[in-house]
Participant: 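Pasting in a structure now, in structure tokens, and then I'll have a few things to ask.
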Amino acid sequence: MAGKKQPVVKVRLQEELLRKLIVMSELEGRSINNQITMLARNAVAYHERAKGKLDTKAIAAVDLSEYFEEETE
């Protein structure tokens, strides 16, 4: 069964930071993708606690089309 396509974001990181994130993810039993996703969720939650909820209309209006990879055959 094919899963729902998710957007892909490529991030450039310094090698030392990437190594630290990999070690953290291994210590916490997560993949590097899941570790970064968890960190992003925590950052958004912190922002919303500190500065208020983000505007749902602005969130819905964000165009994600450039973040979906083209299908290859």
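Start at 1 with the first residue, then count along the sequence.
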Participant: Between Leu17 and Val9, is there a shared hydrophobic cluster once you connect ILVMFWY residues whose side-chain heavy atoms come closer than 4.5 Å?
Facilitator: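 Yes, Leu17 and Val9 fall within the same hydrophobic cluster.
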Participant: Look up atom NZ in Lys53 and atom NE2 in His47, then write down how far apart they are to the nearest 0.5 Å.
Facilitator: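 One finds 11.0 Å between NZ of Lys53 and NE2 of His47.
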Participant: Atom CD1 in Ile22, atom CD1 in Ile32: separation rounded to 0.5 Å?
Facilitator: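 Spacing of CD1 (Ile22) from CD1 (Ile32) equals 5.0 Å.
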Participant: Would you kindly confirm whether Leu39 and Leu27 end up in one hydrophobic cluster when ILVMFWY residues are joined by side chain heavy atoms under 4.5 Å apart?
Facilitator: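 Different clusters: Leu39 never reaches Leu27 through Ile, Leu, Val, Met, Phe, Trp or Tyr contacts under 4.5 Å.
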Participant: So, Ser65 and Asp63: side-chain donor and acceptor under 3.5 Å apart, yes or no?
Facilitator: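 The criterion, which ignores hydrogens and geometry beyond distance, is satisfied for Asp63 and Ser65.
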Participant: Can you tell if the side chain of Val11 reaches within under 4.5 Å of the side chain of Ile36, non-hydrogen atoms only?
Facilitator: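 Heavy-atom side-chain distance check fails, nothing below 4.5 Å.
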Participant: Same hydrophobic cluster for Leu54 and Tyr46, using side-chain heavy-atom links shorter than 4.5 Å among ILVMFWY?
Facilitator: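 Per the 4.5 Å side-chain linkage, Leu54 and Tyr46 are not co-clustered.
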Participant: Are side-chain heavy atoms of Asn33 and Thr37 found at a separation under 4.5 Å?
Facilitator: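 When only atoms from C-beta onward are counted, Thr37 and Asn33 do touch, with a gap below 4.5 Å.
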Participant: Above 12 or not: heavy atoms from other molecules or residues under 6.0 Å from CD of Gln6?
Facilitator: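 Count not over threshold, so no.
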Participant: In terms of hydrophobic clusters joined by side-chain contacts under 4.5 Å, are Leu13 and Met38 together?
Facilitator: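 Result: yes, single cluster for both.
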Participant: When you compare the side chain of Phe68 with that of Val8, does any pair of heavy atoms fall below 4.5 Å?
Facilitator: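 No, too far: nothing below the 4.5 Å cut-off.
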Participant: For the residue pair Ser25 and Ser31, what are the closest heavy atoms and their distance?
Facilitator: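 That closest heavy-atom pairing would be CB-O, 3.8 Å.
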Participant: To the closest 0.5 Å, what do you measure between CD (Glu26) and CD (Gln35)?
Facilitator: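 That separation rounds to 10.5 Å.
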Participant: So if you build clusters from Ile, Leu, Val, Met, Phe, Trp, Tyr with side-chain heavy-atom gaps below 4.5 Å, do Val62 and Tyr67 land together?
Facilitator: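 Same cluster: Val62 reaches Tyr67 through Ile, Leu, Val, Met, Phe, Trp or Tyr contacts under 4.5 Å.
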Participant: Starting at CD of Glu69, measure out to NZ of Lys10 and round the result to the nearest 0.5 Å.
Facilitator: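 The CD atom of Glu69 sits 6.0 Å away from the NZ atom of Lys10.
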